[in-house]
Structures are given as C-alpha cells and as structure tokens.
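The next block holds one structure in the form of structure tokens; read it before the comments.
Counting from 1, the numbers follow the sequence of the chain as shown. These figures come from a predicted structure and were not determined experimentally.
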Amino acid sequence: MTESYIEKVLPGKPGGPILFTFHGTGGDENQFPALGRDLMPEATVISPRGDVSEHGAARFFRRAAEGVYDMDDLARATAKMKAYVEAHVAAAKPSAAYGIGYSNGANILASTIFAAPDLFDAVVLMHPLIPFQPDIRGDLKGRRILMTAGRQDPICPPLYTHRLEAWLRDAGADVIVEWHPGAHEVRPNEIEAARRFLQPVGA
C-alpha cells in the first residue's frame, strides 16, 4: 500500500517522526516537501500525488462543483489514504505521525482523521472546506489540530471554518485557529503558525 500513490519521499532521522504533506488542487507531490523539511527538519517527509484528474489538475477525490463533493469518491479516497498512511507508519515505525494539507489536501487529511482519529498525532489543515457534518469514528481526545483560514476566502467562507472547529472540539481535539485577512492564498503568518505548532515535535 505504500506504493498506491505516486509520491516523493525525503528521508529523515531513522525512528524519528513522519510528516505527510498533501497538495491542493492542481499541485502534485513536489508542492510541499520543501516546506515539510523546513518545518520538521528531522522528519521523513512523504508527499503523495492525488489520483484524480480534474481537467488535468490533480486532486485527491472528485467533486461535481466547487464545494459539492462526490461523497462516494470521497469515501473511496479516504479508505485508500487511510491504508496508505497506515502502511507507511507500519513500515517506518516512526516516533509519531503528523500531517499538513492545503485546500483539497486539507480536505482529504481531515476526512482521513474522521475515519481514523488515532492515525495522526497532530495535523495542520490549511484552508479546509468540509461542507458536511463529519462522522468521526471515535474521538480526537489528545489530538492537536491547527487550522488556518482567510477571513475573505470565497472558496472556504469563515462560517465553514467555525463549524469545523466546533465539530473537532466536540470530538475532543485541541484546536488552534490562525486567521489572515485575505482569501484562499497561504500567507506567511500561516507558515509561522505551523512552524510554532510543529516545532516542539520537530526539534
């Protein structure tokens, strides 16, 4: 299952943490490995490429329109990603597993933690859009989650960020939210928030 996606792997300290990075729509396995290495220098960084093409743009699951998800394909993609992460963790036996995803990558990462709350020790969700109430299979007690968002984001309006924050808190997660005044772009304060969030575990 570790070969179920085209991937880029940056080896880290043996027995150290693993950091999975998940690109946004139109990105690929090269979008975030350098960021992952910067945020967690000793981690093994694993970056899969989404296996769905939307007019040539790679994604992790299909959608009918902006914010209208193909829920059957999301279920397929979530099960596949869960197995992929589990296989890498079983093979590497890391000290801990972390994830960071942007936009569509944040959405598949969020869906995976809904399906397997104990899979990641902590995750960074950058501009996630979850337009449905998640079915969280268990609880997220003790799990740390950083969400980042733009107050003028037309793709993920703030209402959806607040709702997801509430759902995650209700499931027991320790949630931090970092805002910027812009839209769907990633800004420096988000990167610095992720650095602070991951620094104690990446030091």
Would you give the length of the straight line joining atom [atom1] of [X] to atom [atom2] of [Y], rounded to the nearest 0.5 angstrom?
| X | Y | atom1 | atom2 | result |
| --- | --- | --- | --- | --- |
| Ile100 | Leu19 | CD1 | CG | 6.5 Å |
| Phe22 | Ile108 | CZ | CD1 | 8.0 Å |
| Phe61 | Asn107 | CZ | CG | 4.5 Å |
| Thr25 | Glu54 | OG1 | CD | 6.0 Å |
| Thr161 | Ile130 | OG1 | CD1 | 10.5 Å |
| Lys82 | Thr78 | NZ | OG1 | 11.0 Å |

List the steps and the verdict of salt bridge (Lys or Arg N to Asp or Glu O under 4.0 Å) for Asp72 and Arg62. CA-CA 9 Å; Asp72 288 338; Arg62 301 185 187 283; over 6 Å; no
Are Asp174 and Arg144 close enough that some pair of their side-chain heavy atoms sits under 4.5 Å apart?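 Touching, per the 4.5 Å side-chain cut-off.
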Taking the side chain as C-beta and beyond, is there a heavy-atom pair between Phe114 and Asp135 under 4.5 Å?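 When only atoms from C-beta onward are counted, Asp135 and Phe114 do not touch, as no gap falls below 4.5 Å.
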Sequence neighbours left out, what passes side chain to side chain contact (heavy atoms under 4.5 Å, CB included) with [X]? Give chain and number order.
| X | value |
| --- | --- |
| Leu10 | Lys8, Pro33, Arg37, Val45 |
| Ser4 | Met1, Lys80, Tyr84 |
| Glu185 | His180, Ala183, Arg187 |

Please report the closest heavy-atom contact between Met126 and Ala106, naming both atoms and the distance.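 Closest pair (atom of Met126, atom of Ala106, distance): O-CB, 3.5 Å.
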Taking all non-hydrogen atoms of both residues into account, name the closest pair between Cys156 and Pro128 and its distance.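 So the minimum-distance heavy-atom pair works out to SG-O, 2.6 Å.
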Stepwise, does the side-chain contact (heavy atoms from CB on, under 4.5 Å) test hold for Thr148 with His127? CA-CA 6 Å; Thr148 69; His127 299 261; 4.0 Å; yes
For the residue pair His184 and Tyr102, categorise the inter-ring angle as parallel (less than 30°), tilted (30 to 60°) or perpendicular (more than 60°).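 Judged by the thresholds at 30° and 60°, the geometry between His184 and Tyr102 is tilted.
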Charged N-O contact under 4.0 Å between Asp51 and Arg76: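 A salt bridge links Asp51 with Arg76.
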Run Leu129 and Asp153 through side-chain contact (heavy atoms from CB on, under 4.5 Å) and show every step you take. CA-CA 11 Å; Leu129 174 60; Asp153 192 336; over 6 Å; no
